[in-house]
Amino acid sequence: MTPRRTVIEPFKIKVVEPLPQPTRAQREAVIAEAGWNLFRVPARRVTFDFLTDSGTTAMSAAQWAAMMIADESYAGSRSFEALELAVRRITGFHHVIPTHQGRAAERLLFSVLVKPGTLVPSNNHFDTTRANIEQLGGEAVDLVTAEAADSRSRYPFKGNLDVDRLDELCRRERARIPLGMITITNNTGGGQPVSFANLREVAAVYRRHGIPFIIDACRYAENAWLIKRREPEQAERPVFQIARSIFDLADGCMVSAKKDGMVNIGGFIALRDPAWVPHLRSLLILTEGFPTYGGMAARDMEALAVGLDEALDESYLAYREAVARYVAEGLEAVGMPVVQPPGCHAVYLDAGALLPAVPSSRFPGQALACALYLAEGIRSCEVGSVMFGKHATKELVRFAFPRRVYTQAHMDRVLEGVAEVVAGRDRLLGMRIVEEPPFLRHFTARFEPILAPS
Ligand SMILES: *Cc1c(COP(=O)(O)O)cnc(C)c1O
(Lines give C-alpha, C1' and ligand atoms only; values in the text may rest on other atoms or scores of the structure.)
Protein backbone atom coordinates (compact mmCIF):
# COMPACT_ATOMS: atom_id res chain seq x y z
CA MET A 1 0.00 0.00 0.00
CA THR A 2 1.29 3.47 -0.80
CA PRO A 3 1.54 5.70 2.29
CA ARG A 4 -1.08 8.42 2.55
CA ARG A 5 0.33 11.57 1.03
CA THR A 6 -0.17 15.06 2.40
CA VAL A 7 -3.00 16.90 0.68
CA ILE A 8 -1.38 20.14 -0.43
CA GLU A 9 -2.68 23.59 -1.25
CA PRO A 10 -3.28 23.22 -5.02
CA PHE A 11 -2.10 26.74 -5.79
CA LYS A 12 0.98 28.89 -5.48
CA ILE A 13 0.79 32.42 -4.22
CA LYS A 14 1.15 35.38 -6.59
CA VAL A 15 -0.24 38.23 -4.51
CA VAL A 16 0.17 38.50 -0.74
CA GLU A 17 -1.31 40.65 1.98
CA PRO A 18 0.34 41.24 5.36
CA LEU A 19 -1.10 39.15 8.20
CA PRO A 20 -2.07 41.34 11.18
CA GLN A 21 -0.22 40.11 14.27
CA PRO A 22 -1.27 42.21 17.26
CA THR A 23 0.62 41.48 20.49
CA ARG A 24 -1.05 39.88 23.49
CA ALA A 25 -1.25 43.29 25.21
CA GLN A 26 -2.86 44.80 22.12
CA ARG A 27 -5.37 41.97 21.92
CA GLU A 28 -6.31 42.48 25.57
CA ALA A 29 -6.93 46.17 24.95
CA VAL A 30 -8.82 45.56 21.69
CA ILE A 31 -11.24 42.99 23.09
CA ALA A 32 -12.04 45.05 26.17
CA GLU A 33 -12.71 48.08 24.00
CA ALA A 34 -14.92 45.94 21.72
CA GLY A 35 -17.08 44.96 24.71
CA TRP A 36 -15.87 41.34 24.39
CA ASN A 37 -17.79 41.00 21.12
CA LEU A 38 -15.70 39.81 18.16
CA PHE A 39 -18.08 41.42 15.63
CA ARG A 40 -16.90 44.76 17.05
CA VAL A 41 -13.17 43.99 16.64
CA PRO A 42 -11.55 45.74 13.66
CA ALA A 43 -10.29 43.19 11.08
CA ARG A 44 -6.84 44.79 11.18
CA ARG A 45 -6.58 43.43 14.77
CA VAL A 46 -7.46 39.84 13.76
CA THR A 47 -4.77 37.32 12.80
CA PHE A 48 -6.95 34.36 11.76
CA ASP A 49 -10.38 35.46 10.60
CA PHE A 50 -12.78 32.49 10.73
CA LEU A 51 -15.93 34.58 11.18
CA THR A 52 -17.34 33.45 7.82
CA ASP A 53 -16.50 31.78 4.52
CA SER A 54 -18.90 34.18 2.78
CA GLY A 55 -17.33 36.68 0.41
CA THR A 56 -13.87 36.08 1.87
CA THR A 57 -12.44 34.01 -1.00
CA ALA A 58 -9.00 34.74 -2.47
CA MET A 59 -9.58 35.01 -6.21
CA SER A 60 -7.38 33.35 -8.81
CA ALA A 61 -5.17 34.98 -11.43
CA ALA A 62 -7.68 33.76 -14.02
CA GLN A 63 -10.50 35.55 -12.24
CA TRP A 64 -8.55 38.82 -11.97
CA ALA A 65 -7.63 38.54 -15.64
CA ALA A 66 -11.28 38.03 -16.60
CA MET A 67 -12.22 41.13 -14.62
CA MET A 68 -9.91 43.24 -16.78
CA ILE A 69 -11.77 42.35 -19.96
CA ALA A 70 -15.26 42.87 -18.50
CA ASP A 71 -17.84 44.71 -20.57
CA GLU A 72 -19.49 47.29 -18.33
CA SER A 73 -22.31 48.07 -20.77
CA TYR A 74 -25.60 48.84 -19.06
CA ALA A 75 -27.61 46.56 -21.35
CA GLY A 76 -26.62 43.34 -23.09
CA SER A 77 -23.16 43.10 -21.50
CA ARG A 78 -20.89 40.41 -22.95
CA SER A 79 -19.93 39.59 -19.35
CA PHE A 80 -23.53 38.62 -18.62
CA GLU A 81 -23.38 36.26 -21.59
CA ALA A 82 -20.27 34.67 -20.07
CA LEU A 83 -22.03 34.22 -16.74
CA GLU A 84 -25.19 32.90 -18.37
CA LEU A 85 -23.16 30.38 -20.33
CA ALA A 86 -21.31 29.15 -17.23
CA VAL A 87 -24.52 28.81 -15.20
CA ARG A 88 -26.30 26.99 -18.04
CA ARG A 89 -23.37 24.62 -18.55
CA ILE A 90 -23.07 23.73 -14.86
CA THR A 91 -26.75 23.67 -13.85
CA GLY A 92 -28.61 23.00 -17.10
CA PHE A 93 -31.03 25.81 -16.13
CA HIS A 94 -31.68 28.08 -19.10
CA HIS A 95 -33.01 31.25 -17.43
CA VAL A 96 -30.41 33.16 -15.41
CA ILE A 97 -31.26 36.16 -13.24
CA PRO A 98 -28.25 37.91 -11.67
CA THR A 99 -28.51 39.48 -8.19
CA HIS A 100 -26.08 41.29 -5.93
CA GLN A 101 -26.05 38.43 -3.42
CA GLY A 102 -28.05 35.45 -2.18
CA ARG A 103 -30.63 37.25 -0.08
CA ALA A 104 -31.66 39.43 -3.03
CA ALA A 105 -32.36 36.24 -5.00
CA GLU A 106 -34.43 35.00 -2.06
CA ARG A 107 -36.43 38.20 -1.83
CA LEU A 108 -37.21 38.18 -5.57
CA LEU A 109 -38.28 34.56 -5.81
CA PHE A 110 -40.31 34.58 -2.59
CA SER A 111 -42.01 37.86 -3.59
CA VAL A 112 -43.40 36.00 -6.59
CA LEU A 113 -44.40 32.81 -4.73
CA VAL A 114 -44.92 33.32 -1.00
CA LYS A 115 -48.15 34.76 0.44
CA PRO A 116 -49.47 34.93 4.00
CA GLY A 117 -50.19 31.39 5.18
CA THR A 118 -47.94 29.58 2.70
CA LEU A 119 -45.43 26.95 3.83
CA VAL A 120 -41.92 26.41 2.43
CA PRO A 121 -40.28 23.13 3.48
CA SER A 122 -36.51 22.54 3.48
CA ASN A 123 -33.91 20.60 5.50
CA ASN A 124 -32.92 23.77 7.36
CA HIS A 125 -33.54 27.26 6.03
CA PHE A 126 -30.59 29.62 6.26
CA ASP A 127 -31.41 32.63 8.46
CA THR A 128 -31.89 35.16 5.62
CA THR A 129 -33.97 32.60 3.71
CA ARG A 130 -36.24 32.09 6.70
CA ALA A 131 -36.46 35.85 7.33
CA ASN A 132 -37.42 36.55 3.70
CA ILE A 133 -40.20 33.93 3.85
CA GLU A 134 -41.50 35.20 7.19
CA GLN A 135 -41.35 38.81 6.00
CA LEU A 136 -43.98 37.88 3.40
CA GLY A 137 -46.16 36.13 5.95
CA GLY A 138 -45.09 32.60 5.01
CA GLU A 139 -43.71 29.90 7.25
CA ALA A 140 -40.30 28.27 6.77
CA VAL A 141 -40.57 24.60 7.78
CA ASP A 142 -37.36 22.76 8.78
CA LEU A 143 -37.47 18.98 8.25
CA VAL A 144 -33.83 17.94 8.67
CA THR A 145 -33.13 14.30 9.58
CA ALA A 146 -33.12 13.39 13.26
CA GLU A 147 -29.44 12.35 12.91
CA ALA A 148 -28.51 16.04 12.76
CA ALA A 149 -29.28 16.57 16.45
CA ASP A 150 -26.50 14.26 17.74
CA SER A 151 -23.21 16.13 17.45
CA ARG A 152 -21.16 12.98 18.22
CA SER A 153 -22.85 10.82 15.58
CA ARG A 154 -20.63 10.15 12.55
CA TYR A 155 -23.58 9.83 10.18
CA PRO A 156 -22.13 11.05 6.85
CA PHE A 157 -25.18 12.98 5.56
CA LYS A 158 -26.58 14.96 8.46
CA GLY A 159 -27.96 17.49 5.98
CA ASN A 160 -30.55 15.01 4.68
CA LEU A 161 -34.21 15.95 4.67
CA ASP A 162 -36.63 13.63 6.47
CA VAL A 163 -38.57 12.32 3.47
CA ASP A 164 -41.41 10.72 5.48
CA ARG A 165 -42.19 13.96 7.28
CA LEU A 166 -41.92 15.84 3.98
CA ASP A 167 -44.38 13.51 2.27
CA GLU A 168 -46.79 13.79 5.17
CA LEU A 169 -46.58 17.60 5.12
CA CYS A 170 -47.12 17.72 1.37
CA ARG A 171 -50.10 15.41 1.61
CA ARG A 172 -51.70 17.40 4.40
CA GLU A 173 -50.88 20.92 3.18
CA ARG A 174 -50.35 20.66 -0.58
CA ALA A 175 -52.46 23.76 -1.36
CA ARG A 176 -50.34 25.93 0.94
CA ILE A 177 -46.92 24.92 -0.50
CA PRO A 178 -45.93 27.05 -3.55
CA LEU A 179 -42.38 25.66 -3.69
CA GLY A 180 -40.21 23.11 -1.95
CA MET A 181 -36.54 23.63 -1.11
CA ILE A 182 -33.38 22.00 0.15
CA THR A 183 -30.11 23.66 1.22
CA ILE A 184 -26.84 22.13 -0.01
CA THR A 185 -24.73 21.90 2.03
CA ASN A 186 -26.96 22.51 5.05
CA ASN A 187 -25.30 25.65 6.42
CA THR A 188 -27.54 26.13 9.46
CA GLY A 189 -27.06 22.47 10.38
CA GLY A 190 -23.24 22.78 10.41
CA GLY A 191 -22.39 22.67 6.70
CA GLN A 192 -23.48 19.05 6.57
CA PRO A 193 -24.03 17.52 3.11
CA VAL A 194 -27.16 15.98 1.62
CA SER A 195 -26.73 12.58 -0.06
CA PHE A 196 -27.61 12.09 -3.71
CA ALA A 197 -30.04 9.33 -2.71
CA ASN A 198 -31.82 11.77 -0.41
CA LEU A 199 -31.92 14.50 -3.06
CA ARG A 200 -33.50 12.00 -5.44
CA GLU A 201 -36.17 11.01 -2.91
CA VAL A 202 -36.92 14.63 -2.02
CA ALA A 203 -37.28 15.51 -5.71
CA ALA A 204 -39.65 12.55 -6.17
CA VAL A 205 -41.86 13.68 -3.28
CA TYR A 206 -42.09 17.23 -4.63
CA ARG A 207 -42.77 15.94 -8.15
CA ARG A 208 -45.48 13.55 -6.95
CA HIS A 209 -47.27 16.47 -5.30
CA GLY A 210 -46.68 18.85 -8.22
CA ILE A 211 -44.54 21.21 -6.13
CA PRO A 212 -41.69 23.11 -7.87
CA PHE A 213 -38.30 22.13 -6.39
CA ILE A 214 -35.76 24.93 -5.88
CA ILE A 215 -32.31 24.23 -4.44
CA ASP A 216 -30.49 26.74 -2.21
CA ALA A 217 -27.21 25.78 -3.88
CA CYS A 218 -24.58 28.14 -2.37
CA ARG A 219 -22.22 25.22 -1.67
CA TYR A 220 -23.18 23.00 -4.61
CA ALA A 221 -19.56 22.03 -5.31
CA GLU A 222 -18.71 21.12 -1.72
CA ASN A 223 -21.90 19.05 -1.49
CA ALA A 224 -21.17 17.27 -4.77
CA TRP A 225 -17.64 16.52 -3.53
CA LEU A 226 -18.85 15.09 -0.21
CA ILE A 227 -21.30 12.89 -2.15
CA LYS A 228 -18.37 11.58 -4.19
CA ARG A 229 -16.38 10.91 -1.02
CA ARG A 230 -19.11 9.45 1.17
CA GLU A 231 -21.66 7.79 -1.13
CA PRO A 232 -20.15 4.64 -2.64
CA GLU A 233 -22.46 4.55 -5.70
CA GLN A 234 -21.19 8.00 -6.72
CA ALA A 235 -17.48 7.53 -5.94
CA GLU A 236 -16.34 6.94 -9.52
CA ARG A 237 -18.17 9.87 -11.11
CA PRO A 238 -16.45 13.20 -11.83
CA VAL A 239 -17.67 15.86 -9.44
CA PHE A 240 -19.01 18.13 -12.19
CA GLN A 241 -21.25 15.25 -13.32
CA ILE A 242 -22.51 14.74 -9.79
CA ALA A 243 -23.24 18.46 -9.54
CA ARG A 244 -25.13 18.34 -12.83
CA SER A 245 -27.12 15.31 -11.69
CA ILE A 246 -28.15 17.23 -8.58
CA PHE A 247 -29.42 20.17 -10.63
CA ASP A 248 -31.15 17.76 -13.05
CA LEU A 249 -33.43 16.74 -10.15
CA ALA A 250 -34.70 20.29 -9.59
CA ASP A 251 -36.65 23.05 -11.32
CA GLY A 252 -34.20 25.77 -10.38
CA CYS A 253 -31.76 27.12 -7.84
CA MET A 254 -30.90 30.19 -5.81
CA VAL A 255 -27.23 30.86 -5.21
CA SER A 256 -25.18 33.18 -3.05
CA ALA A 257 -22.03 33.35 -5.19
CA LYS A 258 -20.03 34.46 -2.13
CA LYS A 259 -19.51 30.77 -1.30
CA ASP A 260 -18.76 28.27 -4.08
CA GLY A 261 -18.96 31.07 -6.66
CA MET A 262 -15.45 31.90 -5.41
CA VAL A 263 -16.15 35.65 -5.49
CA ASN A 264 -16.47 38.43 -2.94
CA ILE A 265 -19.97 39.49 -3.98
CA GLY A 266 -22.72 38.16 -6.26
CA GLY A 267 -25.61 35.76 -6.66
CA PHE A 268 -28.24 34.48 -9.06
CA ILE A 269 -31.48 32.61 -9.63
CA ALA A 270 -31.50 29.98 -12.39
CA LEU A 271 -34.68 28.31 -13.64
CA ARG A 272 -35.62 25.60 -16.12
CA ASP A 273 -39.09 26.96 -16.91
CA PRO A 274 -39.79 30.56 -18.06
CA ALA A 275 -43.14 30.94 -16.22
CA TRP A 276 -41.87 33.11 -13.33
CA VAL A 277 -39.18 34.91 -15.32
CA PRO A 278 -41.07 38.03 -16.54
CA HIS A 279 -42.32 38.76 -13.01
CA LEU A 280 -38.84 38.18 -11.54
CA ARG A 281 -37.22 40.46 -14.12
CA SER A 282 -39.72 43.25 -13.34
CA LEU A 283 -38.91 43.01 -9.64
CA LEU A 284 -35.21 42.84 -10.48
CA ILE A 285 -35.38 46.12 -12.39
CA LEU A 286 -37.25 47.73 -9.53
CA THR A 287 -34.53 47.26 -6.90
CA GLU A 288 -31.48 45.42 -8.28
CA GLY A 289 -30.77 46.54 -11.82
CA PHE A 290 -31.23 45.75 -15.49
CA PRO A 291 -31.62 42.00 -16.25
CA THR A 292 -28.10 41.70 -17.70
CA TYR A 293 -26.34 42.79 -14.54
CA GLY A 294 -28.78 42.53 -11.59
CA GLY A 295 -26.82 44.07 -8.74
CA MET A 296 -23.39 43.15 -10.04
CA ALA A 297 -20.66 45.03 -11.87
CA ALA A 298 -19.72 43.27 -15.13
CA ARG A 299 -16.28 42.52 -13.66
CA ASP A 300 -17.99 40.65 -10.81
CA MET A 301 -19.96 38.59 -13.33
CA GLU A 302 -16.72 37.72 -15.19
CA ALA A 303 -15.03 36.63 -11.95
CA LEU A 304 -18.08 34.54 -11.06
CA ALA A 305 -18.23 32.87 -14.48
CA VAL A 306 -14.66 31.65 -13.90
CA GLY A 307 -15.18 30.90 -10.19
CA LEU A 308 -18.15 28.57 -10.73
CA ASP A 309 -15.85 26.23 -12.63
CA GLU A 310 -12.87 26.60 -10.30
CA ALA A 311 -15.08 25.44 -7.42
CA LEU A 312 -15.60 22.11 -9.24
CA ASP A 313 -11.87 21.40 -9.62
CA GLU A 314 -11.28 18.13 -7.78
CA SER A 315 -7.80 18.98 -6.48
CA TYR A 316 -9.25 22.18 -5.04
CA LEU A 317 -12.13 20.27 -3.42
CA ALA A 318 -9.81 17.61 -2.00
CA TYR A 319 -7.77 20.41 -0.42
CA ARG A 320 -10.93 22.18 0.78
CA GLU A 321 -12.16 19.06 2.55
CA ALA A 322 -8.68 18.38 3.94
CA VAL A 323 -8.57 21.80 5.63
CA ALA A 324 -11.71 21.05 7.64
CA ARG A 325 -10.61 17.49 8.41
CA TYR A 326 -7.09 18.58 9.44
CA VAL A 327 -8.40 21.24 11.79
CA ALA A 328 -11.10 18.95 13.24
CA GLU A 329 -8.55 16.19 13.92
CA GLY A 330 -6.09 18.71 15.35
CA LEU A 331 -8.74 20.14 17.65
CA GLU A 332 -9.71 16.72 18.99
CA ALA A 333 -6.03 15.89 19.49
CA VAL A 334 -5.59 18.90 21.81
CA GLY A 335 -8.76 18.03 23.74
CA MET A 336 -11.28 20.32 22.04
CA PRO A 337 -14.59 18.51 21.33
CA VAL A 338 -15.96 19.18 17.84
CA VAL A 339 -19.12 18.35 15.87
CA GLN A 340 -18.44 15.24 13.79
CA PRO A 341 -17.98 14.65 10.95
CA PRO A 342 -17.03 18.10 9.65
CA GLY A 343 -18.24 19.20 6.22
CA CYS A 344 -16.05 21.42 4.03
CA HIS A 345 -16.62 25.04 4.95
CA ALA A 346 -16.46 25.00 8.73
CA VAL A 347 -15.68 23.15 11.93
CA TYR A 348 -17.86 23.60 15.01
CA LEU A 349 -16.23 23.56 18.46
CA ASP A 350 -18.46 22.24 21.24
CA ALA A 351 -18.07 24.87 23.96
CA GLY A 352 -20.79 23.26 26.06
CA ALA A 353 -18.79 20.03 26.23
CA LEU A 354 -15.47 21.82 26.88
CA LEU A 355 -16.90 23.98 29.68
CA PRO A 356 -19.55 21.83 31.41
CA ALA A 357 -19.44 23.98 34.55
CA VAL A 358 -20.44 27.13 32.64
CA PRO A 359 -24.25 27.26 32.27
CA SER A 360 -25.93 28.60 29.12
CA SER A 361 -26.91 31.73 31.04
CA ARG A 362 -23.17 32.52 31.18
CA PHE A 363 -22.57 31.98 27.47
CA PRO A 364 -19.83 29.30 27.28
CA GLY A 365 -19.47 29.84 23.51
CA GLN A 366 -18.82 33.55 23.91
CA ALA A 367 -16.28 32.83 26.67
CA LEU A 368 -14.49 30.34 24.43
CA ALA A 369 -14.50 32.63 21.39
CA CYS A 370 -12.99 35.48 23.40
CA ALA A 371 -10.34 33.20 24.93
CA LEU A 372 -9.34 32.07 21.41
CA TYR A 373 -8.93 35.69 20.34
CA LEU A 374 -6.79 36.47 23.38
CA ALA A 375 -4.64 33.38 22.86
CA GLU A 376 -3.82 33.75 19.17
CA GLY A 377 -5.86 36.51 17.51
CA ILE A 378 -8.44 33.99 16.21
CA ARG A 379 -11.85 35.40 15.28
CA SER A 380 -14.63 32.80 15.42
CA CYS A 381 -18.39 33.03 15.76
CA GLU A 382 -20.50 31.99 18.73
CA VAL A 383 -23.46 29.85 17.62
CA GLY A 384 -25.35 29.27 20.84
CA SER A 385 -27.21 31.18 23.53
CA VAL A 386 -25.88 34.59 22.48
CA MET A 387 -27.10 34.12 18.90
CA PHE A 388 -30.32 32.17 19.55
CA GLY A 389 -31.24 33.07 23.16
CA LYS A 390 -33.64 30.59 24.71
CA HIS A 391 -33.97 28.73 21.39
CA ALA A 392 -30.34 27.55 21.47
CA THR A 393 -29.99 23.78 21.66
CA LYS A 394 -26.17 23.65 21.64
CA GLU A 395 -23.34 25.94 22.72
CA LEU A 396 -21.05 25.97 19.68
CA VAL A 397 -18.27 28.13 18.26
CA ARG A 398 -17.80 28.11 14.51
CA PHE A 399 -14.52 28.25 12.62
CA ALA A 400 -15.57 29.03 9.01
CA PHE A 401 -12.74 28.83 6.49
CA PRO A 402 -12.21 31.46 3.79
CA ARG A 403 -11.39 29.76 0.48
CA ARG A 404 -7.70 29.61 -0.52
CA VAL A 405 -6.67 32.17 2.13
CA TYR A 406 -4.80 30.41 4.94
CA THR A 407 -2.03 27.79 4.75
CA GLN A 408 -1.39 24.68 6.80
CA ALA A 409 1.21 26.54 8.91
CA HIS A 410 -1.49 29.07 9.77
CA MET A 411 -3.70 26.21 10.93
CA ASP A 412 -0.88 24.78 13.04
CA ARG A 413 -0.56 28.10 14.85
CA VAL A 414 -4.32 28.18 15.38
CA LEU A 415 -4.18 24.70 16.93
CA GLU A 416 -1.38 25.86 19.27
CA GLY A 417 -3.65 28.68 20.42
CA VAL A 418 -6.53 26.27 20.96
CA ALA A 419 -4.28 23.96 23.00
CA GLU A 420 -3.40 26.91 25.26
CA VAL A 421 -7.11 27.67 25.78
CA VAL A 422 -7.91 24.02 26.53
CA ALA A 423 -5.10 23.90 29.11
CA GLY A 424 -6.47 27.01 30.84
CA ARG A 425 -10.16 26.14 30.56
CA ASP A 426 -10.71 26.09 34.35
CA ARG A 427 -10.17 29.83 34.35
CA LEU A 428 -13.09 30.38 31.94
CA LEU A 429 -16.13 31.14 34.11
CA GLY A 430 -18.39 32.65 31.46
CA MET A 431 -19.61 36.09 30.39
CA ARG A 432 -22.44 38.43 31.26
CA ILE A 433 -24.20 40.87 28.93
CA VAL A 434 -23.87 44.50 29.98
CA GLU A 435 -25.67 46.10 27.02
CA GLU A 436 -27.87 44.60 24.28
CA PRO A 437 -30.07 45.82 21.42
CA PRO A 438 -33.68 44.62 21.01
CA PHE A 439 -32.90 42.09 18.25
CA LEU A 440 -29.96 40.32 16.55
CA ARG A 441 -27.98 41.03 19.68
CA HIS A 442 -24.97 38.92 18.73
CA PHE A 443 -23.79 41.60 16.29
CA THR A 444 -23.60 44.52 18.72
CA ALA A 445 -24.10 43.44 22.36
CA ARG A 446 -21.40 44.27 24.92
CA PHE A 447 -20.19 41.70 27.43
CA GLU A 448 -17.79 41.38 30.34
CA PRO A 449 -16.04 38.30 31.63
CA ILE A 450 -17.14 36.76 34.89
CA LEU A 451 -14.01 36.64 37.01
CA ALA A 452 -15.07 34.82 40.18
CA PRO A 453 -17.39 31.83 40.71
CA SER A 454 -20.60 32.83 42.50
C1 LIG B 1 -25.00 32.86 2.60
C2 LIG B 1 -26.22 32.09 2.39
C3 LIG B 1 -27.40 32.69 1.92
C4 LIG B 1 -27.54 34.19 1.74
O5 LIG B 1 -26.64 34.71 0.85
P6 LIG B 1 -25.96 36.17 0.98
O7 LIG B 1 -25.08 36.23 -0.20
O8 LIG B 1 -25.24 36.23 2.29
O9 LIG B 1 -27.08 37.17 0.93
C10 LIG B 1 -28.48 31.87 1.67
N11 LIG B 1 -28.44 30.55 1.90
C12 LIG B 1 -27.33 29.94 2.37
C13 LIG B 1 -27.32 28.47 2.58
C14 LIG B 1 -26.18 30.69 2.63
O15 LIG B 1 -25.08 30.07 3.11
Side-chain angles (χ1 to χ4, degrees), residues 39 50-57 83 87 97-111 114 120-135 140-144 148 158-161 179-194 199 202 214-224 226 243 246-247 250 252-270 284 287-289 294-297 300-301 303-304 307-308 311 320 324 343-346 348 381 383 387 398-403 440 442-443:
F39 282 100
F50 297 154
L51 197 58
T52 177
D53 67 318
S54 177
T56 51
T57 300
L83 174 61
V87 172
I97 294 158
T99 62
H100 78 277
Q101 62 184 86
R103 67 199 69 185
E106 292 166 352
R107 196 186 62 80
L108 291 174
L109 193 71
F110 296 149
S111 297
V114 174
V120 183
S122 189
N123 42 359
N124 285 121
H125 290 272
F126 182 67
D127 49 12
T128 61
T129 321
R130 167 178 298 280
N132 271 295
I133 292 168
E134 290 175 353
Q135 154 84 8
V141 184
D142 285 346
L143 296 172
V144 73
K158 288 183 181 176
N160 282 0
L161 200 156
L179 79 160
M181 295 187 63
I182 199 162
T183 314
I184 60 170
T185 56
N186 190 24
N187 188 4
T188 304
Q192 300 287 340
V194 180
L199 282 159
V202 168
I214 303 295
I215 301 179
D216 181 343
C218 302
R219 297 181 182 79
Y220 67 98
E222 292 177 0
N223 202 106
L226 292 172
I246 293 172
F247 290 118
C253 64
M254 282 190 282
V255 172
S256 164
K258 302 173 72 171
K259 287 68 174 238
D260 282 353
M262 310 293 274
V263 291
N264 305 118
I265 195 77
F268 59 88
I269 301 170
L284 187 75
T287 58
E288 290 279 301
M296 280 186 279
D300 295 331
M301 294 192 285
L304 175 54
L308 286 170
R320 181 79 177 145
C344 279
H345 86 280
Y348 289 70
C381 184
V383 182
M387 188 178 278
R398 184 177 84 163
F399 282 4
F401 304 116
R403 292 167 178 76
L440 294 175
H442 53 286
F443 291 123

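Both ligands and their constituent atoms are indexed starting at 1 by order of listing. Hydrogens, waters and symmetry mates are skipped; everything else that's a heavy atom, side chains included, is used. All of these numbers come straight from a predicted model, not from anything done at the bench.
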Would you mind reporting whether Val120 and Leu179 have side-chain heavy atoms less than 4.5 Å apart?
yes
Going by the side chain to side chain contact (heavy atoms under 4.5 Å, CB included) test, name the single residue among Leu161, Val194, Asn186 that passes it with Val144.
Asn186
For a quick check: using heavy atoms under 4.0 Å, what are the residues in contact with ligand 1, sorted by chain and number?
Gln101, Gly102, Arg103, Glu106, Phe126, Thr128, Thr129, Thr183, Asn187, Asp216, Cys218, Arg219, Ser256, Lys258, Lys259
Which heavy atom of Gly307 sits nearest to which heavy atom of Met262, and what is that distance?
O-CG, 3.4 Å
Contacts of His345 that satisfy side chain to side chain donor-acceptor pair (under 3.5 Å) - sequence neighbours left out
Asn187
Using only heavy-atom distances, determine whether the side chains of Thr188 and Arg130 contain a donor-acceptor pair under 3.5 Å.
no
Using the six-membered ring wherever Trp is involved, compare the ring planes of Phe50 and Phe399 and label them parallel, tilted or perpendicular (cut-offs 30° and 60°).
tilted
